[in-house]
Amino acid sequence: MRRFPSLKNLLALAMAFGAVAGVRLCLAQETKLWTQSRLEEFEKGTPQGVTLSSDGHLRQGPALKEILTTPSTFVWSIAVDANGTAYLGTGSPGAVLRVGKDGKPFTLFETKDLSVQAVKLGPDGSLYAATVPSGKVYRLKTDTAAKQDESSATVVFDASQVGNGAAGAGEKTTENKPDDGKPGSGSHYVWDLAFDGAGRLYIATGGPGAVYRVDSTKPGAAPEVFFKSDEAHIRALAWDGKANLIAGSDGSGLVYRINPQGKGYVLFESPHREVTSVAVDAKGTVYAAAVGDKGHNPLPPLTVQGVGAVTITVVQPGSLQAANQSTSIPEGSEIYALKEGQAPRKIWAGKDEIVYALAAEPDDVLALTGNQGRIFRIKDDLSFADVAHLEAQQGLCMTAAPNSGAAGEVFIGTGNTGKLVTLGATPSHQYASDVLDAGATARFGRIEIEPGSHGYALMTRTGNIEQPVRGWSDWEPLKNESVASPAGRFLQWKAVLEAGGVLGSVGVNYLPVNSAPVIDDLVVVPGARLNPQAQPVSQSQTVNISFSSSSQGGSVTFDASSPSQPLSAVKDRTAVTVRWAAHDDDSDDLVYSLYLRGDGETVWRLLKDQITDKAYSFDATLIPDGGYQLRVVASDAPAHTPGEALTGDKISDRFEVDTTPPVISDLTAVEEREGCKQPPCRQKFRVSFDAEDAISPVAHAEYSFDAGPWQFVDPVGQISDTRREHYEFEVTAAPDAKAGEHLITVRAYDRHENAGVAKAVIGAAK
């Protein structure tokens, strides 16, 4: 079967043939297409009430609303009551804020601890707040107008006052041991709180990890160890539908299912070090977010300055250290779905995100992340959507408002800076794209939309500064599927989605307005000729042609395309070499034309066109001696139609063409006979002559006596600066020279190394 060459091979063959034949393949400036079609591309834009799906589509979604910016760096936990009042546990400084529906905050509790790590509303209407690093849990009154502190609030749990030695599930821990920091001396941190149906409080601790239980329905009830673990921390708690407590750990990244009797069973061992959050949906599916490298904790202990100028060294889990230092964790995050009777499945992974909180919904799970403050909605079929972008580095906690349902309001706490934000329904669903930089002023044409898109309105705006904050055109709807905005360097499009609307890939056709070529520098060197194919010549026979900003180093290989290097040429007084540097902002191929104009002339006469190099030599003997200027014109015609091609030019400094030698006249030599008193006397001669050049000043003169070596001679005025110079000098014959006839030869050079020669015979016998 006969095989035909592929298009790729044909193109390579054509390029090779062009190189051999000396043909240049020029690329014309063409219409370009800027397309956004993938999630990574859409994430560069700004969604408002729009979700960005993993399949590269925009759909209506919830919107973020900022309620409060706290004086703290972190909002670690949120509890919301039935009236919509939110209670925030904050860090740096540590406090509990009560925020009403009007968004006004009230400091309900202050602590000298670094942070309030967890808050939870109890069945009795009280608020329970856990502080770090002291590991205490306080019961707070929620309806008071007085600020509470560590002396007025009731302590229901103190990690430093409980032992975890041999106490088992349901056993009291009433020992009053000091915390000496050694294993077995008591937990240091409290990470999460949960209440069961009977109103009992469960406390997840760390250092080492355990779960304590306190019967909050009984005043003064002592805590008991509900579950012991050999992990460093128990990080997160959640309930399943069978009254089992689901717990995630830091150390080996375990997910436990703990039955009501305190018996733990490992549902899943994550390949990561830390399980940051767990959630359970109505169908019993357990979701777990895991981060960090099991091999080591890459982040050092964190030294922080607490309230009251107390310096504390906190050895935290990696996700907490990352939040404090605004860093990422190697390998990113992964989310797993654990269904009874099925193997664990990884349903999402993010290499740059740290998942801090999960919230299960009927058909998916919400994931709140740092370090880019994104919220993802992840489905069981492995598809996901970027729901919203927080204006903070970390999303740390989220809580659904009571009885809000799947589409209800979600309260979110952030870090760097600590804010309260809600995620909920919005009447506006808009998406503003990233900004296109066309590189130069451009005309914009038709917008191409992915087939199947519907329920949207598209508009554009353009400008000539990168940030669309001022000086841009107004938003304008499309006209006949094309951009109606004026030409500009930058463009942005915006989509408004209707209910049920979906928008796929968006492509903008544009054509940059042609930019004229620019001649950056131009230098003319008379007396030099390019000779790239010649054999190497000695340094004395070469001249370097450099721009004013270029290196003045030694002779280099011919390379007219490299303006940073001098260009090597051969000395030749009958030639003129011109060199130029040029560029085109559109990267178009350029051709050059060279024009010549003499002194007193008004018309530029074409010397050479269709030059593709950036240097050219021509024969100076073809034009009369005199002063001239050269004009180089660059054209981008190879890349454009004749009507759209543009040119740029530059005129050289004046230079002189001088190929005619000076004329020597009035050469005389007279013997001086007087002055010798006693023979033998040496003959002396007084010589004079004139040298005149038609174009340039006479540079210097020399003489030779009786074919001897050439001797330099100054003009009468000593300075050679005019086109006519007069010379007078004395010549003395050698001591052994016989009296009689002598030969005197003189020659004069102009500035262009043209030499005129004359001779005279002197001292002939009478």
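Just so it is clear, the model here is predicted, and its values are computed rather than measured.
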Roughly how far, to the nearest 0.5 Å, is [atom2] of [Y] from [atom1] of [X]?
X: I664; Y: D693; atom1: CD1; atom2: CG; result: 11.0 Å
X: L58; Y: Q430; atom1: CG; atom2: CD; result: 12.5 Å
X: T417; Y: E391; atom1: OG1; atom2: CD; result: 9.5 Å
X: L511; Y: T31; atom1: CG; atom2: OG1; result: 5.0 Å
X: N416; Y: Q393; atom1: CG; atom2: CD; result: 5.0 Å
X: S53; Y: R59; atom1: OG; atom2: CZ; result: 4.0 Å

Of all heavy-atom pairs between [X] and [Y], which one has the smallest distance, and what is that distance?
X: S333; Y: V355; result: OG-N, 3.0 Å
X: V591; Y: P638; result: CG1-CG, 3.7 Å
X: P486; Y: T462; result: O-OG1, 2.8 Å
X: G488; Y: N464; result: CA-OD1, 3.5 Å
X: G49; Y: T426; result: CA-CG2, 4.0 Å
X: I378; Y: A367; result: CD1-CB, 4.0 Å

Is any NZ, NE, NH1 or NH2 atom of the basic residue among R573 and E753 found under 4.0 Å from an Asp or Glu carboxylate oxygen of the other?
no
Would you call E66 and K419 a salt bridge, using N to O less than 4.0 angstrom?
yes
Any chance the side chains of [X] and [Y] put a donor and an acceptor closer than 3.5 Å?
X: S383; Y: D55; answer: no
X: T51; Y: R377; answer: no
X: T660; Y: D625; answer: yes
X: N371; Y: Q394; answer: yes

Cation over ring face, K494 and W475, 6.0 Å, 45°:
yes
Identify each donor-acceptor pair in which a side-chain atom of residues 434-444 lies under 3.5 Å from a protein atom, sequence neighbours left out, and give them as a table.
unit_1	atom_1	unit_2	atom_2	d
D437	OD1	G439	N	2.8
D437	OD1	R489	NE	2.8
D437	OD2	R489	NH2	3.1

With sequence neighbours excluded, tell me which residues meet side-chain contact (heavy atoms from CB on, under 4.5 Å) with [X].
X: A755; value: Y749
X: A388; value: L64, I375, L423
X: D721; value: I719, E725
X: V663; value: none

Please examine the side chains of [Y] and [X], heavy atoms only from C-beta on, and report whether any two atoms are closer than 4.5 Å.
X: P62; Y: V387; value: yes
X: I335; Y: F376; value: no
X: V603; Y: R597; value: no
X: R723; Y: S696; value: no
X: V508; Y: T35; value: no
X: S482; Y: I447; value: no
X: L594; Y: D609; value: no
X: D380; Y: D364; value: no

Looking at residues at least two apart in the chain, or sitting in another chain, which of them share a side chain to side chain donor-acceptor pair (under 3.5 Å) with E450?
H57
Using the test side chain to side chain donor-acceptor pair (under 3.5 Å), find all partners of S617 that sit at least two apart in sequence or belong to another chain.
T577
Go through the structure and list residues passing salt bridge (Lys or Arg N to Asp or Glu O under 4.0 Å) with [X], not counting sequence neighbours.
X: R751; value: none
X: R631; value: D649
X: R446; value: E448
X: D599; value: R654

Please check if atom CD in E476 has more than 12 non-hydrogen atoms from other residues, nucleotides or ligands closer than 6.0 Å.
yes
Would the number of heavy atoms belonging to other residues, nucleotides or ligands and lying under 6.0 Å from CG of D381 be above 12?
yes
According to the salt bridge (Lys or Arg N to Asp or Glu O under 4.0 Å) rule, which pairs have a member within residues 34-45, sequence neighbours left out?
R38-E40, R38-E41, E43-R374
Any donor-acceptor pair under 3.5 Å from D636 side chain to A516 backbone
no
Taking Q629 for the side chain and S652 for the main chain, is one N or O donor matched with an acceptor at less than 3.5 Å?
yes
T659/T574 under side chain to side chain donor-acceptor pair (under 3.5 Å): CA gap, chis, key distance, verdict
CA-CA 6 Å; T659 59; T574 66; over 6 Å; no
Ring centroid separation for W493 and Y431, is it under 6.0 angstrom?
yes
Measure centre to centre between the rings of Y510 and W34, then say whether the value is under 6.0 Å.
no
Applying the side-chain contact (heavy atoms from CB on, under 4.5 Å) criterion to W580, which one of L522, D521, V523 satisfies it?
L522
